[in-house]
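Single-structure report; data block below.
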Amino acid sequence: MKLHEYQAKEIFARYGLPVQRGAVVEAAEQVAGLDLRYPVVVKAQVLVGGRGKAGGIKLASTPTEAEAKVRAILGMEIQGERVSRVLVAEAAEIDAEYYLAFVTDRSARGVTAVASAAGGVEIETVAHTTPEKIVRGAVDPFLGFQPFQARSLGRRLGFAGPHLAEFERICTTLYRLYWDEDADLAEINPLALAGGHLLCVDAKLVLDDNALYRHQNLPASEEMTPLEREARSHGLAYVELDGDIAVIGNGAGLVMSTLDLLAHFGGRAANFLDVGGGASAEAMQTALEIAQRKSGIRAIFINIFGGITRCDDVARGIVENPPRVPASIRLTGTNEEEGQRILRQAGIVAGLDADEAARAAVELARRPPRRGDG
Ligand code: GDP
Ligand code: MN
């Protein structure tokens, strides 16, 4: 789960990491009431990076100017995300920008500290153009991140004296935060030298979804659409897409290849929906309900390969909640004869071949709607 910068900074502040004073607003009129020292920086709160480049970060030297900037940024769209909240913070006078992060590094099978004196730029860009400017430190899974490692990283970034001591404290604190909050990524970019001290100008925190249950006071995730959240509450893996063919399959791999098949025949999937292994008739009913809820659905493609999942269970689910839009069904594998029989009895036709069924689904979606439909 990704957190907004202002949410991450609240957690940073709790751990004693240095962040600017600031407040979040949802309307330009709120700026006047803020007790902040000017100039301020006005920052779009969206869950994507590169806000600065996209024009979502602006400096303002008076409340009037700040109000105008907030108004301009609210309602902006940054990489497809509409800005509905803006962070107004006391601006820092930045002398140098560094990068610091702790990241779950699958290739190292552990946590890695990543730092660079080339901060303020996306780390992927630094890695691509000047990889020698990135320094790393592997965290021993049994010992944790050690202060000497922080000092070593700091020296390699060029810090000495009091700045090195500050860097060490920020580094070890960020690691503690990363660990205690079950983060996947804790990133400061830029970690700035401002007014003679190090300051976390930006904060990015991605939490491990598998550990969310251990953290009760987290804000609600904003990464899912309401429909995705509802599907998740029923134990279905569902992702909204922008096509017009609803998709239901069993197993993530099968559903992925189902999306590819539709694309191959010129169709566009409206969603990814995996009913999971061993799906019951009830799960199938719920899946049908969720998959057809989105507006603009013109056809549905149900692609089931029975393994642990039994075709007769699936068929019973379909019969209980028959598709409301033209459907193409492929049903094969465990208990397929029984499944096919149940569907036939209800007047529903299902095939055995995925390619044929995908092609049929694309055809159905292209057909002009009959009168009285929709
Ligand atoms: P991002 O573009 O989404 O990563 O947003 P950041 O918070 O990292 O800001 C992008 C850039 O805007 C930073 O690298 C800084 O150069 C600049 N910036 C952000 N906050 C301030 C500030 O308080 N003062 C100054 N002078 N520049 C800032
Ligand atoms: Mn940044």
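Hydrogens, waters and symmetry mates play no part in the numbers below; they use all other heavy atoms, side chains included. Counting begins at 1 with the first residue of the sequence. We count ligands from 1, going down the list as the structure has it; atoms in each ligand are counted the same way.
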| task | Mark whether atom 15 (C) of ligand 1 lies under 4.0 angstrom from at least one protein heavy atom. | result | yes
| message | I'd like to know if the side chain of Arg136 reaches the main chain of Val114, judged simply by a donor and an acceptor atom lying under 3.5 Å from each other, with no hydrogens or angles considered. | response | no
| query | With under 30° as parallel and over 60° as perpendicular, where do the rings of Phe159 and His163 fit, or are they tilted in between? | reply | perpendicular
| query | Can an N or O of Lys43 be found at a distance shorter than 3.5 Å from an N or O of ligand 1? | reply | yes
| task | Before signing off on this row, confirm whether Ile57 and ligand 1 have an N or O atom pair separated by under 3.5 Å. | result | no
| Any protein heavy atom under 4.0 Å from atom 11 (C) of ligand 1? | no
| Taking atom 2 (O) of ligand 1 as the reference point, the nearest protein heavy atom with its distance | Gly52 N, 2.9 Å
| Which option out of Gly119, Ala91, Ala92 puts a heavy atom nearest to atom 25 (C) of ligand 1? | Ala92
| What residue and atom, counting heavy atoms only, is the protein's closest point to atom 20 (N) of ligand 1, and at what distance? | Val201 CG1, 3.4 Å
| query | Hey, what's the angle at the Mn ion (ligand 2) spanning OD2 (Asp202) and O (Asn189), nearest 10 degrees? | reply | 100°
| Salt bridge between Glu363 and Arg359, side-chain N to carboxylate O under 4.0 Å? | no
| message | At less than 4.0 angstrom from any non-hydrogen atom of Asn189, what atoms of ligand 1 do you find? | response | 8 (O)
| field | Minimum-distance protein heavy atom relative to atom 28 (C) of ligand 1 | value | Ile94 CD1, 3.7 Å
| query | When the ring planes of Tyr175 and Phe145 are compared, do they come out parallel, tilted or perpendicular, using 30° and 60° as the limits? | reply | tilted
| field | Per-atom contacts, ligand 1 versus Asp202 - under 4.0 Å to a heavy atom | value | 1 (P), 4 (O), 5 (O), 6 (P), 7 (O), 8 (O)
| said: Looking at Glu168 and Arg155, is any side-chain nitrogen of the basic one under 4.0 Å from a carboxylate oxygen of the acidic one? | reply: no
| message | So is Gln20 touching ligand 1 or not, going by heavy atoms under 4.0 Å? | response | yes
| query | Would Glu166 and Arg169 pass as an ion pair if we require N to O under 4.0 Å? | reply | no
| task | Start with the C-alpha gap between Glu65 and Tyr38, add the side-chain angles, then the distance that decides, and say whether side chain to side chain donor-acceptor pair (under 3.5 Å) holds. | result | CA-CA 11 Å; Glu65 201 186 325; Tyr38 279 77; over 6 Å; no
| query | Between Gln285 and Leu288, is any pair of side-chain heavy atoms under 4.5 Å apart? | reply | no
| side-chain contact (heavy atoms from CB on, under 4.5 Å) with Leu3: which of Val206, Leu47, Ile11? | Ile11
| query | Relative to atom 1 (P) of ligand 1, which among Lys204, Arg51, Glu5, Gln45 owns the nearest non-hydrogen atom? | reply | Arg51
| For ligand 1, which atoms have a heavy atom of Glu97 less than 4.0 angstrom away? | 13 (C), 14 (O), 15 (C), 16 (O)
| query | Under a 4.0 Å heavy-atom limit, does Glu93 contact ligand 1 with its side chain, its backbone, both, or neither? | reply | neither
| field | Chi angles and distances behind the side chain to side chain donor-acceptor pair (under 3.5 Å) call for Arg176, Tyr15 | value | CA-CA 9 Å; Arg176 191 159 52 81; Tyr15 279 77; 5.6 Å; no
